[in-house]
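See below for the structure under consideration.
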Amino acid sequence: MADRLIVGNQLLIQQSLHGYTDGHRLISASMQLPAGDAKTVLVLSDSSGGFGWSEDSGYLTGYPLREFGCFALARTWQAPEMSRPGCVWTHTLFIDFSDLANLGSLDALLALFRRPTSSKPSSTDYAEPLVMERGGEPKLSIIEPDESTWCRQLLSAIYEYPKDKIIAVIPPFDPEPLVLALWSQQWPRLRRSFCFCTSTTMDRSNSQLQFDLQLVPARDRGVALRFPQSRNLTEIVPTIAPWIDDAIADLFKPRDSLLRSFLFRVGSEIPIGRAAFPALVSFHRLLTDADSQPEAVDAAIMLSSTSFLNALTIGLSMLAGKAAKHAGHLSKDAHNFLLRHLSQLDEKTLKTEAEKIGKATWELSPLRFCELFDEKDNGVFVGKQTLDTLSSEQLIEGCHKYSSVVPQILRHRPELTAEPLFWNAESIDEPAFTFMGNNWEQRSPAIAAMLKSGERRLAQKAFARLGSQEVWRVLAPAMDHAKEKEQYDWQPWIVASLAEPGEIAKVLAEGRFHTKRPLAMIARMSHPDQIPNDYGDDAWALAMRQAKGPLPHLDDVYLMCYLLTRALGSRTRNCADLAVLAFDCVYQEMARDSIQSDAWRMLDDLLPEQRFWDSWDRCDRLRNAMSKLFIEKDLAPLMFANLTTDDNVFTELTRNTRFCKGGRSYLKRVRKALQEESYSQNATRINSIDLTLD
Amino acid sequence: MAERQHHIVTVGLPASGKTTFLAALWHLVCKSDVQNMRLKFAGLRKGNKAYLTEIADLWRDGRIQERTVLRGDRVVTIDLMDHSGTEVQLEFPDIAGETFRQMWEKRDCDPTVAEMLRDGNVLLFIHPDTIKPIIRVVSVAAMATDCGIQDGNDKVAVPWNPEFAPTQVQIVSLLSMLREPALDKSHASRRLAVMLSAWDTVQAQGLTPAQYLERELPLLHQYLRQAADGWKWRVYGVSAQGGPYDKADAKTRSEATIAILDQEPSHRIQLVHNDRTSHDLTEPLEWLID
């Protein structure tokens with residue numbers, strides 16, 4: 001016989017008929033069962049005993065056949081037409097386990113049951129499998145008050161006492177629709193293991209099958225004895241837990257309920273049977289509540305870990321999606337849960353909520369936030385989306401708290417180093433400088449930020465880690481524009497720079513300072529001979545040529561004293577230039593006796609000693625120093641002539657020079673140089689020399 | 001007082017009269033209105049008294065017993081006293097006939113049933129109405145000729161099925177199985193009382209039960225006579241009902257049943273051994289436990 005063609009939306013249902021022929025036996029079947037299952041079917045197709053069935057509809061028995069991989073749903077009718085009392089007909093439908101999920105309406109299935117019309121049915125009568133239309137909507141039922149009470153009690157018994165065999169007296173109304181509704185409400189994995197019988201006078205369980213539910217006739221007084229280790233429905237007080245209301249609502253209006261599809265989706269992950277039902281229904285309720293209540297997420301997480309040992313992959317995925325919508329308003333535990341399940345968020349939710357999740361994670365713990373970048377795609381996506389939107393202040397605050405996040409943060413937001421606020425915590429120094437060591441383009445803005453931050457500790461580190469050139473590129477212009485009150489802030493930078501005086505010399509010589517203020521600052525922090533002049537023109541002299549603008553008087557004097565001291569020192573190769581630059585200012589200050597002590601101290605050591613009674617005359621000492629300087633170093637006579645703009649002072653100078661060793665001949669040279677220059681202003685000077693020499 | 005424990009199993013294919021015998025026995029031992037009974041009732045040690053009462057009530061009322069369903073096996077332990085005053089404990093598992101049919105057809109026995117069947121002496125029930133005779137090829141050929149069917153014209157071959165086997169073949173096989181090590185650990189000699197049920201229906205043939213057995217079930221007779229498996233055996237004819245009964249739900253009573261109901265219930269019972277008749281159903285039990 002050719003196999004019947006099954007169209008996609010149809011189910012193939014195997015069947016068998018058992019009845020009495022020389023003993024209760026298999027009469028007809030559309031397939032052959034394995035021996036063990038065949039024996040089970042033979043036994044369970046025999047009468048369940050006694051009374052209490054409807055003559056027309058008989059009773060139903062449902063049980064799994066694990067060897068054959070199907071669920072047997074059998075209807076048994078009395079067979080009064082047979083000669084022996086107690087004979088029955090049983091038509092059994094075998095539903096493949098994989099088809100249990102797609103049964104849809106049970107009405108179509110129940111309609112397949114067919115009682116034999118003859119007392120001697122043929123072996124071919126039930127020899128072909130049946131075809132049933134897949135799916136269909138379950139029938140809506142109207143629930144009567146007494147049905148509701150009984151149903152509530154039954155649900156409580158079955159699910160609150162999951163290990164017990166439940167027996168219940170057959171109620172006054174037909175219980176079959178309720179029992180079938182209860183069975184069809186179960187997710188396929190539970191459904192395929194749920195054993196029930198709607199009328200029996202003895203326990204139908206055996207070593208392999210425990211019947212979950214058996215209904216007994218009302219007048220059977222001896223029921224307790226024949227159902228050992230079972231729980232009678234009369235002992236059960238219906239639970240008032242919320243899950244049962246949801247279950248009943250779904251039972252009677254499945255079309256309006258999302259619970260069933262949830263149970264079907266999530267139940268497949270649950271290995272623990274009836275016990276899971278209340279928890280799953282509760283979990284569904286919490287998922288629904290989680291749409292508007294963030295605290296429901298916590299409750300759902302707790303339920304999942306205690307009832308399901310976190311085995312609900314699909315369920316937790318759904319919960320993660322709900323949690324994502326509340327990111328920022330979750331408890332710490334709930335947020336950590338969300339992060340653990342980031343990979344399970346769907347694309348749409350991820351895109352919509354990434355920023356929210358990331359911000360909340362950052363606020364919870366910048367360390368945890370950075371771990372997102374170690375995770376797979378979703379974590380990295382959240383991290384990147386968030387970093388683009390977090391404010392600099394937020395990021396900086398986090399970096400200050402947890403310096404280990406600095407490298408990750410700077411990788412995505414390198415411009416933070418250009419924020420002065422960033423440098424306000426020493427903890428970030430090491431990772432930040434390491435980062436900039438590999439990111440050249442960030443150095444200048446970072447140095448500028450360091451300068452603005454006022455953090456003194458950074459000076460030495462910046463020079464050491466970033467290089468003097470890099471620092472001076474920023475420092476020099478910044479010093480040019482520094483206000484007077486900021487001078488204190490530059491001190492550490494200048495001190496740090498002095499570790500490489502050669503670099504300072506370069507900066508000075510290149511004329512990078514356009515104002516005198518930086519020169520004054522450097523002068524204040526260094527020794528006049530500290531900056532080298534190993535070749536070429538003196539850096540200070542070059543710098544003074546470029547630097548313009550006024551200085552506060554005291555700074556100006558100090559600078560001049562500094563330069564004059566340098567001129568008198570051993571380092572410079574441009575003594576005359578420096579002397580010419582500085583002499584007048586210093587001399588005038590000395591003449592007024594208003595030179596500040598720190599400036600005087602610089603010069604004092606280098607000015608020649610006077611006789612005791614002349615030591616008070618600083619001007620005289622200075623004149624002597626200049627005379628000796630120009631004579632001994634054989635400096636350009638014309639420079640000597642231009643040492644001062646004051647003719648009177650020049651006259652005094654010449655007198656001091658005349659009395660120095662070699663002074664007369666030097667003065668003659670000065671005169672000669674002046675004569676050769678032939679400026680009219682030189683006449684006075686020449687006259688002074690003449691007078692002196694005479 | 002001394003006590004002996006004995007285990008008796010009732011064996012028989014479906015509708016062979018096992019439950020009817022138990023119902024009648026229960027009535028008999030409770031009522032104790034038959035003189036010189038071999039064993040007297042001393043108590044019900046184990047068993048569902050409600051069930052025994054129920055089947056006894058049906059029996060007394062002249063109603064056919066409901067068939068014993070599969071997994072409806074019940075064990076009854078009755079305390080009886082023999083003529084010397086010794087208490088005898090008899091254990092009766094009342095096993096569905098389909099169980100034994102399964103043993104023959106599928107070579108399968110539930111462990112619980114196997115435990116019940118192990119080592120006890122046996123009451124074997126055979127109902128004359130349910131004996132499936134041996135069909136000889138010679139007879140089939142003769143019938144075919146009479147019907148005008150020529151040999152070799154079979155178009156459809158019917159595969160053989162164990163259920164087609166004659167009754168005595170099944171019974172001999174069952175008895176052999178009871179002597180297999182799985183069901184007979186001691187392998188000591190076991191006693192077998194063959195109970196030919198509904199004896200009243202064949203009594204008119206004028207045979208003793210042993211003669212009837214030899215004529216109707218020759219294979220079984222030969223098996224027992226040759227002591228192939230060491231059975232010590234007797235044959236009894238038993239009419240536990242005394243005649244035909246009505247169905248349990250019958251609204252009107254048949255005349256035959258009405259006639260039976262007029263008798264004293266205990267006296268409906270007939271037990272025939274050789275050519276001796278009594279009402280004492282305990283007689284085969286006494287022999288089995290001797």
Side-chain angles (χ1 to χ4, degrees), chain A residues 18-27 32-51 55 61 63 76 78-88 90 123-124 197 200-209 211 214 219-226 228, chain B residues 12-17 19-20 47-51 53-55 58 63-74 96-113 127 129-132 158-159 161-167 170 244-251:
Chain A
H18 286 73
Y20 192 91
T21 305
D22 193 21
H24 182 79
R25 63 166 77 238
L26 173 69
I27 292 171
Q32 190 166 357
L33 288 170
D37 285 345
K39 188 173 165 187
T40 301
V41 176
L42 176 67
V43 171
L44 291 178
S45 64
D46 202 349
S47 169
S48 63
F51 41 95
E55 240 186 70
T61 310
Y63 52 96
T76 303
Q78 293 180 36
E81 66 272 30
M82 308 303 286
S83 57
R84 275 195 87 183
C87 292
V88 295
T90 297
S123 63
T124 58
C197 181
T200 179
T201 58
M202 59 180 150
D203 187 2
R204 310 199 80 188
S205 307
N206 60 28
S207 55
Q208 269 97 47
L209 281 178
F211 267 69
Q214 298 175 91
R219 11 184 201 121
D220 192 336
R221 291 201 200 106
V223 60
L225 295 172
R226 288 198 298 283
Chain B
L13 296 173
S16 55
T19 305
T20 305
N48 189 336
K49 191 173 179 186
Y51 168 68
T53 305
E54 184 188 329
I55 59 175
L58 272 176
R63 305 265 184 199
I64 301 173
Q65 298 290 341
E66 278 219 358
R67 47 174 288 273
T68 307
V69 300
L70 280 158
R71 288 299 311 285
D73 309 323
R74 293 174 171 88
E98 283 83 354
T99 303
F100 300 107
R101 198 196 64 219
Q102 278 281 98
M103 286 170 67
W104 155 249
E105 291 182 11
K106 305 291 180 195
R107 291 297 191 260
D108 173 66
C109 182
D110 194 88
T112 317
V113 173
H127 197 298
D129 290 350
T130 63
I131 293 175
K132 207 181 293 175
V158 177
N161 194 298
E163 68 183 271
F164 298 160
T167 301
Q170 297 185 35
Y245 276 11
D246 293 328
K247 277 192 175 177
D249 57 354
K251 303 267 188 312

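Per chain, numbering begins at 1; letters A, B, ... match sequence-line order.
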Donor-acceptor contact below 3.5 Å, side chain B:S16 vs main chain B:H127 = no
Applying side chain to side chain contact (heavy atoms under 4.5 Å, CB included), run through B:L13 and B:T130 and close with a yes or a no.
-> CA-CA 9 Å; B:L13 296 173; B:T130 63; over 6 Å; no
Which bit of A:L42 comes within less than 4.5 Å of chain B, counting heavy atoms only: side chain, backbone, both or neither?
-> both
Measuring heavy-atom distances to chain B, does A:S83 have an atom under 4.5 Å in its side chain, in its backbone, in both, or in neither?
-> backbone
Whatever's closer than 4.5 Å to a heavy atom in chain B on A:R204 counts as backbone
Could you check which of B:K106, B:E98, B:Q102, B:Q65 has the highest count of heavy-atom pairs closer than 4.5 Å to chain A?
-> B:E98
Is chain A contacted by the side chain of B:D110, its backbone, both, or neither, given a heavy-atom distance below 4.5 Å?
-> both
Where on B:R67 is there a heavy atom nearer than 4.5 Å to chain A: the side chain, the backbone, both, or neither?
-> both
Considering non-hydrogen atoms only, spot the tightest contact between B:A96 and B:V69 and give its length.
-> CB-O, 3.6 Å
Should the pair A:H18 and A:H24 be assigned to parallel (<30°), tilted (30 to 60°) or perpendicular (>60°) ring geometry?
-> parallel
Is it true that a side-chain atom of A:T201 and a backbone atom of A:S48 form a donor plus acceptor pair closer than 3.5 Å?
-> yes
